[in-house]
There are 2 protein chains.
Amino acid sequence: MVSRPASLNTRERLIQAGIRLFGEQGFEATTTRGLAEAAGANIGSIAYHFANKRGLYLAAARYIAEQLRTRLALDETAAQAPVADRDAALAALRALARRMVRTFAEDEECRQWLLLVMREQVRPGEAFEILQAEAFGLVQATLGGLIARLTDRAIDDRRVILETHTLVGQIVFFLIGREPLLRRLEIEAFDETILAEIEAVIDAHLRLYAAPNADPTPTRPT
Amino acid sequence: MVSRPASLNTRERLIQAGIRLFGEQGFEATTTRGLAEAAGANIGSIAYHFANKRGLYLAAARYIAEQLRTRLALDETAAQAPVADRDAALAALRALARRMVRTFAEDEECRQWLLLVMREQVRPGEAFEILQAEAFGLVQATLGGLIARLTDRAIDDRRVILETHTLVGQIVFFLIGREPLLRRLEIEAFDETILAEIEAVIDAHLRLYAAPNADPTPTRPT
DNA sequence: GTCTATAGTCGGATAGAC
DNA sequence: GTCTATCCGACTATAGAC
């Protein structure tokens, strides 16, 4: 039994309200009254749980980062990758790519985060630093480590960084550009069939790293 | 010499203000007074040029779509592609991909459009229909036609649609996910060197379509 | 404590002068 | 084409009646 279920619920509800309202209206335009009302909480609860409006905003960013880490199982993948051999690296890469596809294409909650995250992309503030340090950076490092291993390049090689970015873009766009894709496919939502096809397409692109010799511009052995 | 330079300027400035304010605050929260002030115009000019606030919003969406079509030279590419042979299709695909990279990575104005476009992605309204019909759909159709040609598939093949989406995601993410990438690269902005490297990475992925037999799951000849 | 009347504010739209 | 003044509807806040 939890010690303060009502309190934790209020905190959770405030964060959810924050993600929604900060994303839709921006930080300044969002009022503490609006946040409290949307959360079904008392105005004073913001000060109690987060000190002030800014604290709630940063907590919302931390929540998003934490959820991403959990859903993508980033910590486990990062921990196992460095010591893995080549086949294990490829398997880890495919598994992580698959988790990303499932998370971004299937999970409805992710869509709630989009506007807040995009605001921080367009005008990065302190919340961006949190997202970068606690989520984006881990995705870059984990995927980058695996791709570096597979292409026999250094982990800081710019080619590795750009390939990592490209891979993330492929997958994330199933979240960001979902509506135009659904229109083109003439469907209302992703079903299991299409999700499997998406995975197959991503997997085909991962094959670019499977055969390092196929790369026409290999890194020179320093 | 233009016949009504002053008028065009007011109209233009209102659209620019609309893209910014509607994106930042959303349609409802944005006031006509705020729009007029941001544009350095008077309130009545909104009614004169766009009938009402909603008209300005839709005009902003149309402006974005038109700018995209122009920058990507979509109309020309779409017109030439269907009759092209295989090599010409590949060349057209590479050229269009290159234009997209340059537009999204280099052009600062594109960043202004992001929030408005993302709002329409998250909650599609009439403006989304405009963007889809006058820009996104053309990108899908043009790229899809070229990829279909290169992979010997039908233009409505779901694999073609998904590959097209994946390609767009790769490139667009250099606009959307620019900040995390700049952090990782430890640079402040894209320079010519990195742009060339980005193009090379995208080009390597295009090579997946260059050899149709390399595709492990070919379409069955219906 | 609840309800309601009224005053005040805000924002979109309109009309008409220049 | 641009600008000012104004109207009207929606919402908010307050206050007084009960």
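Excluded from the calculations below are hydrogen atoms, water molecules and symmetry mates; all remaining heavy atoms, backbone and side chain alike, are included. Chain letters run A, B, ... following the sequence lines, proteins first, then strands; residues in each count from 1.
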In whole Å, I'd like the distance from the CZ atom of R13(B) to the P atom of dG1(D). 14 Å

Tell me the interatomic distance from I43(B), atom CD1, to dC3(D), atom C1', rounded to whole angstroms. 10 Å

Checking salt bridge (Lys or Arg N to Asp or Glu O under 4.0 Å) between R178(B) and each of E106(B), E188(B), E108(B), which is the one that passes? E108(B)

Starting at atom CD of E28(B), determine the distance to atom P of dC10(C), rounded to an integer number of angstrom. 19 Å

Supply the atom-to-atom distance F128(A) CZ to R119(A) CZ, rounded to the nearest 0.5 angstrom. 16.0 Å

Using the ring of each side chain (for Trp, its six-membered ring), is H165(A) parallel, tilted or perpendicular to F174(B), with breaks at 30° and 60°? tilted

Rounded to whole Å, how long is the line connecting atom CZ of R33(B) with atom P of dG12(C)? 7 Å

So if I take every side-chain heavy atom of A47(B) and compare against dT6(D), dT2(D), dT14(C), which nucleotide ends up nearest? dT14(C)

Is the closest side-chain donor-acceptor distance between Y57(A) and E126(A) under 3.5 Å? no

Please determine, for the side chain of N42(B), which listed nucleotide (dA13(C), dG11(C), dC3(D)) has the closest atom? dC3(D)

In this structure, how many angstroms lie between the P atom of dG12(C) and the CG atom of L14(B), rounded? 14 Å

Which whole-number value in Å describes the distance from R54(B) CZ to dA13(C) P? 11 Å

With a cut-off of less than 4.0 Å, is there a side-chain N or O of S45(B) near OP1 or OP2 of dG1(D)? no

For the pair made of OH in Y48(B) and C1' in dC18(C), what is the distance, rounded to whole Å? 14 Å

Atom CZ of F27(B) to atom C1' of dG12(C): distance rounded to whole Å? 10 Å

